[in-house]
Participant: 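Following this message is one structure expressed as structure tokens.
None of these values were measured; they are calculated from a predicted model. Throughout, residue positions are numbered sequentially from 1 according to the sequence presented.
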Amino acid sequence: MAEDGTEETALTWQVPEGGYGLPGSPKERLLAVGCLGMAAEDIAGYVIRTTGGEKLLDLPAAPGSS
């Protein structure tokens with residue numbers, strides 16, 4: 001999320017049945033890489049949403065990270 005409140009999708013992912021990193025799961029771990037078309041100094045925080053748009057987590061950007 002930008003300082004002005006605009007949002008841009010940086011990454012999407014799905015977890016397969018059985019999950020990641022659990023006994024019997026199809027994959028050992030989840031590796032996710034994302035990208036934004038926004039300058040680092042303009043990032044105010046990060047929002048994780050469900051596929052339906054419901055907000056699950058809202059994290060401020062770390063001070064000095066930009």
Side-chain angles (χ1 to χ4, degrees):
M1 179 168 47
E3 293 285 346
D4 66 3
T6 59
E7 294 184 5
E8 192 174 305
T9 300
L11 173 73
T12 62
W13 75 94
Q14 290 182 323
V15 178
E17 190 170 326
Y20 287 99
L22 301 169
S25 63
K27 300 213 177 208
E28 184 177 315
R29 64 187 175 109
L30 170 65
L31 175 62
V33 179
C35 182
L36 289 173
M38 184 183 299
E41 60 269 12
D42 293 336
I43 299 172
Y46 306 91
V47 178
I48 297 176
R49 297 185 183 277
T50 66
T51 54
E54 180 183 344
K55 188 183 289 189
L56 294 176
L57 187 61
D58 191 351
L59 300 168
S65 64
S66 51

Participant: Between Glu7 and Ala2, is there a donor-acceptor pair closer than 3.5 Å when you use the side chain of the first and the backbone of the second?
Facilitator: no
Participant: Please round to the nearest 0.5 Å and tell me the distance separating atom OG1 of Thr50 and atom NZ of Lys55.
Facilitator: 12.0 Å
Participant: With rounding to the nearest 0.5 angstrom, report the CG to CG distance, Asp42 to Asp4.
Facilitator: 8.0 Å
Participant: Heavy atoms, side chains only, cut-off 4.5 Å: are Trp13 and Leu11 in contact?
Facilitator: yes
Participant: Below 4.5 Å, heavy atoms only, C-beta onward: do Leu57 and Val47 meet side chain to side chain?
Facilitator: no
Participant: Take Glu3 and Glu41 through the side chain to side chain contact (heavy atoms under 4.5 Å, CB included) test and state the conclusion after the steps.
Facilitator: CA-CA 9 Å; Glu3 293 285 346; Glu41 60 269 12; over 6 Å; no
Participant: Minimum heavy-atom separation for Ser25 to Tyr20, with atom names?
Facilitator: OG-C, 3.9 Å
Participant: Quick check for you: to the nearest 0.5 Å, what is the distance between Asp58 atom CG and Ile48 atom CD1?
Facilitator: 9.5 Å
Participant: Would you check if Arg49 and Leu56 make a side-chain contact, meaning some heavy-atom pair closer than 4.5 Å?
Facilitator: no
Participant: Go through the structure and list residues passing side-chain contact (heavy atoms from CB on, under 4.5 Å) with Thr51, not counting sequence neighbours.
Facilitator: none
